[in-house]
Amino acid sequence: QVQLVESGGGLVQAGGSLRLSCAASGLTFGSYVMGWFRQAPGKEREFVAAISTIGRTTYYADSVKGRFTISRDKARRTVYLQMNGLKTENTAVYYCAARSAMSRDYRDYPYWGRGTQVTVSS
């Protein structure tokens, strides 16, 4: 049974930082692309970042490039999203997802966590 459990969300002021974590179990961690997506109220879920199976390649949405960093720790079976320079428009529920190949489309990902709320205040 695949489980993805996010943590690290919270309330932060604009310009601040948060580090999200996603602990994975029930899958061969090194065989999956890991992605972060987010969904704001009333909006469609959108791609934020993804990292290749061995962590050599990373992908970012244009809106977060240069501010967010995705990484993965094979030993801990965990993927991280370091978010710096947060903006109010980054407020959303952030989800971790796993897929066997890279995609920016959330509909392609079969495995999902329950999400963690990130709220950025002005």
Side-chain angles (χ1 to χ4, degrees):
Q1 178 185 355
V2 176
Q3 276 197 311
L4 302 176
V5 180
E6 302 95 336
S7 61
L11 174 64
V12 64
Q13 284 193 325
S17 299
L18 281 175
R19 187 197 197 201
L20 305 184
S21 300
C22 171
S25 61
L27 51 72
T28 305
F29 185 68
S31 297
Y32 284 83
V33 170
M34 300 300 296
W36 285 99
F37 293 79
R38 65 189 178 193
Q39 188 166 18
K43 294 191 175 181
E44 190 174 17
R45 193 167 297 191
E46 65 175 359
F47 172 78
V48 175
I51 188 165
S52 62
T53 55
I54 57 173
R56 192 165 291 171
T57 307
T58 56
Y59 310 83
Y60 296 96
D62 288 344
S63 61
V64 307
K65 217 173 276 186
R67 298 187 298 119
F68 290 12
T69 303
I70 189 171
S71 60
R72 64 191 296 161
D73 185 326
K74 181 181 177 181
R76 289 184 167 82
R77 302 171 60 85
T78 299
V79 61
Y80 303 98
L81 185 68
Q82 177 67 43
M83 305 186 294
N84 298 329
L86 282 161
K87 305 176 181 181
T88 56
E89 55 262 41
N90 299 146
T91 294
V93 177
Y94 282 70
Y95 297 91
C96 173
R99 186 176 188 257
S100 57
M102 174 58 198
S103 173
R104 292 173 182 258
D105 190 336
Y106 70 91
R107 291 164 290 193
D108 291 335
Y109 284 73
Y111 303 117
W112 290 89
R114 292 189 173 186
T116 185
Q117 176 71 46
V118 171
T119 303
V120 184
S121 65
S122 58

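Partners of Thr57 according to the side chain to side chain donor-acceptor pair (under 3.5 Å) rule, which considers only residues two or more places apart in sequence or in another chain, do not exist here. For Arg76, the side chain to side chain donor-acceptor pair (under 3.5 Å) test picks out Asp73, with sequence neighbours left out. Remark: Tyr109 engages Phe37 in a ring pair (Phe, Tyr, Trp, His ring centres under 6.0 Å) (not counting sequence neighbours). Considering only residues two or more places apart in sequence or on other chains, Tyr95 meets the side chain to side chain donor-acceptor pair (under 3.5 Å) condition with none of them. In this view, Ser100 satisfies the side chain to side chain contact (heavy atoms under 4.5 Å, CB included) rule with no residue, not counting sequence neighbours. For Arg107, the salt bridge (charged side-chain N to carboxylate O under 4.0 Å, His left out) partners two or more places apart in sequence, or in a different chain, are Asp105.
Hydrophobic cluster membership is shared by Leu18 and Val64, with clusters built from Ile, Leu, Val, Met, Phe, Trp and Tyr side chains linked at under 4.5 angstrom. Hydrophobic clustering keeps Leu4 apart from Tyr80 (ILVMFWY residues linked when any side-chain heavy atoms are closer than 4.5 Å, directly or through intermediates). In the hydrophobic clustering of ILVMFWY residues, with side-chain heavy atoms under 4.5 Å counting as a link, Val93 and Trp112 come out together. Taking hydrophobic clusters as Ile, Leu, Val, Met, Phe, Trp and Tyr residues chained together by side-chain heavy-atom distances below 4.5 Å, Val79 does not share a cluster with Phe47. Under a hydrophobic-cluster definition in which Ile, Leu, Val, Met, Phe, Trp and Tyr are linked whenever side-chain heavy atoms come within less than 4.5 Å, directly or via other members, Ile70 and Val48 are assigned to the same cluster.
Atom CD of Glu89 and atom OG of Ser63 lie 8.5 Å apart (nearest 0.5 Å).
Between Gln117 and Leu11 there is no side-chain heavy-atom pair separated by less than 4.5 Å. Annotation: side chain of Tyr32 is not in contact with side chain of Ile51 (no heavy-atom distance under 4.5 Å). Here the side chains of Thr53 and Phe29 are not in contact, with every heavy-atom distance at 4.5 Å or above. Looking at Met83 and Ser17, their side chains never come closer than 4.5 Å, going by heavy atoms from C-beta outward. Annotation: side chain of Pro110 is in contact with side chain of Arg99 (closest heavy-atom distance under 4.5 Å).
Heavy atoms only, all atoms of each residue included: Ala92 and Arg38 are closest at CB-CB, 3.8 Å. Taking each heavy atom of Val120 and Thr91 in turn, the nearest pair found is N-OG1, 2.9 Å. Here the shortest heavy-atom pairing between Gly26 and Arg77 reads N-NH2, 3.8 Å. The two residues Ala98 and Met34 come nearest to each other via the heavy atoms CB-SD, 3.7 Å. The nearest pair of heavy atoms linking Ala50 to Val33 is CB-CG1, 4.3 Å. Taking each heavy atom of Ser121 and Thr88 in turn, the nearest pair found is C-CG2, 4.0 Å.
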Discussion item. Is there a side chain to side chain contact (heavy atoms under 4.5 Å, CB included) between Trp36 and Leu20? Walk through the geometry before answering.
Written reply: CA-CA 10 Å; Trp36 285 99; Leu20 305 184; 3.7 Å; yes
Discussion item. Test side-chain hydrogen bond (donor to acceptor under 3.5 Å, both in side chains) on Glu44 and Tyr106; report intermediate values, then the result.
Written reply: CA-CA 10 Å; Glu44 190 174 17; Tyr106 70 91; 3.0 Å; yes
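Because its NZ or CZ atom is not both nearer than 6.0 Å to the ring centre of Tyr59 and within 45° of the ring axis, Arg104 does not count as a cation-pi partner of that residue.
When only modelled atom types and interatomic distance are considered, Tyr111 and Gln3 share no side-chain donor-acceptor pair under 3.5 Å.
In this structure, Glu6 does not pair ionically with Arg114, as no charged nitrogen and carboxylate oxygen lie closer than 4.0 Å.
Applying the 6.0 Å contact sphere to CD of Gln13 captures no more than 12 heavy atoms from other residues, nucleotides or ligands.
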